[in-house]
Amino acid sequence: IMLATGARIGEALAIRWKDIDLKAARPTVTVNGTIVYMPRQGLTIQEHPKSAHSRQRYFLPAFAVEMLLRRQIGQLVANPWDVVFPSAVGSLRDPNNFRKQWRSARDELGFEWVTPHTFRKTVGTLLEASSGMAVASAQLGHSSENVTRKHYVQKTHEAPDNTTLLEAFGQRME
């Protein structure tokens, strides 16, 4: 879901089934909150994401719809929060525990460099390359394109295509 939306880990873990519409002509998920730890209360869902711009509805690509349908059918443990990604015992999944589990799995596979935040950066980079910085910034819920540019879009190491100019220059040299 993080790769399908660019959502932060806490936002992804706070998605509830009521936030998803898989029956729509274009299936969607709405990010309405994030998992937070409250002293003397434990984990809870904060009823808004990290920023006001992050509360948004995302259209889901087919791979995400397929994954959600499999989860919906295969979810064996009831959870009172009705979250899509509960812990093994049906409670809210702690983002820190998820990160530890992720580190263990990725290290075994040889992908030590991949963090949950890598998915968010990947979405930003892909969208910027195909549709521009404004689209990437809007998808990630940033208030400014500068935030997206500075922290989320992989800088290219490819020079611009100057072959026409250089070819003309080369022709004059002959």
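Along the sequence shown, residues are numbered consecutively beginning with 1.
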Between R106 and E112 (side chain of the first, backbone of the second, donor and acceptor by atom type, cut-off under 3.5 Å), is there such a pair? yes
Which pairs pass salt bridge (Lys or Arg N to Asp or Glu O under 4.0 Å) with one or both residues in residues 83-102, sequence neighbours excluded? none
Taking side-chain contact (heavy atoms from CB on, under 4.5 Å) as the test, write out the residues that go with S91, two or more places apart. S87, V89
Any pair with a residue in residues 64-87 that passes salt bridge (Lys or Arg N to Asp or Glu O under 4.0 Å), sequence neighbours left out, goes on the list, sorted by first then second residue, please. none
When Ile, Leu, Val, Met, Phe, Trp and Tyr are grouped by side-chain heavy atoms lying under 4.5 Å apart, directly or through other members, which residues fall in the same group as V153? M133
Which atom of D21 lies closest to which atom of A24, heavy atoms considered: OD1-N, 3.1 Å
Applying salt bridge (Lys or Arg N to Asp or Glu O under 4.0 Å), which residue pairs with at least one partner in residues 137-146 are found, sequence neighbours left out? E145-R149
Among all residues two or more places apart in sequence or in another chain, which pass the ring pair (Phe, Tyr, Trp, His ring centres under 6.0 Å) test with H117? Y152
Hydrophobic cluster mates of V36, side-chain heavy atoms under 4.5 angstrom, ILVMFWY only, any path? M38
Non-neighbouring partners of S144 that pass side-chain hydrogen bond (donor to acceptor under 3.5 Å, both in side chains), sequence neighbours left out: none
Is there any ring-ring contact (aromatic ring centres under 6.0 Å, His included) pair reaching into residues 24-47, and which pairs are they, with sequence neighbours excluded? none
ring-ring contact (aromatic ring centres under 6.0 Å, His included) partners of residues 81-109, not counting sequence neighbours, each pair once: W102-F119
Under 3.5 Å, side-chain donor or acceptor atoms of residues 2-9 against the rest of the protein: list the pairs with distances, not counting sequence neighbours.
{"residue": "T5", "atom": "OG1", "partner": "I1", "partner atom": "O", "Å": "2.7"}
{"residue": "T5", "atom": "OG1", "partner": "A7", "partner atom": "N", "Å": "3.0"}
{"residue": "R8", "atom": "NH1", "partner": "E11", "partner atom": "OE2", "Å": "2.8"}
{"residue": "R8", "atom": "NH1", "partner": "S54", "partner atom": "OG", "Å": "2.7"}

State which residues pass side-chain contact (heavy atoms from CB on, under 4.5 Å) with E47; sequence neighbours excluded, sorted by chain then number. R16, I45
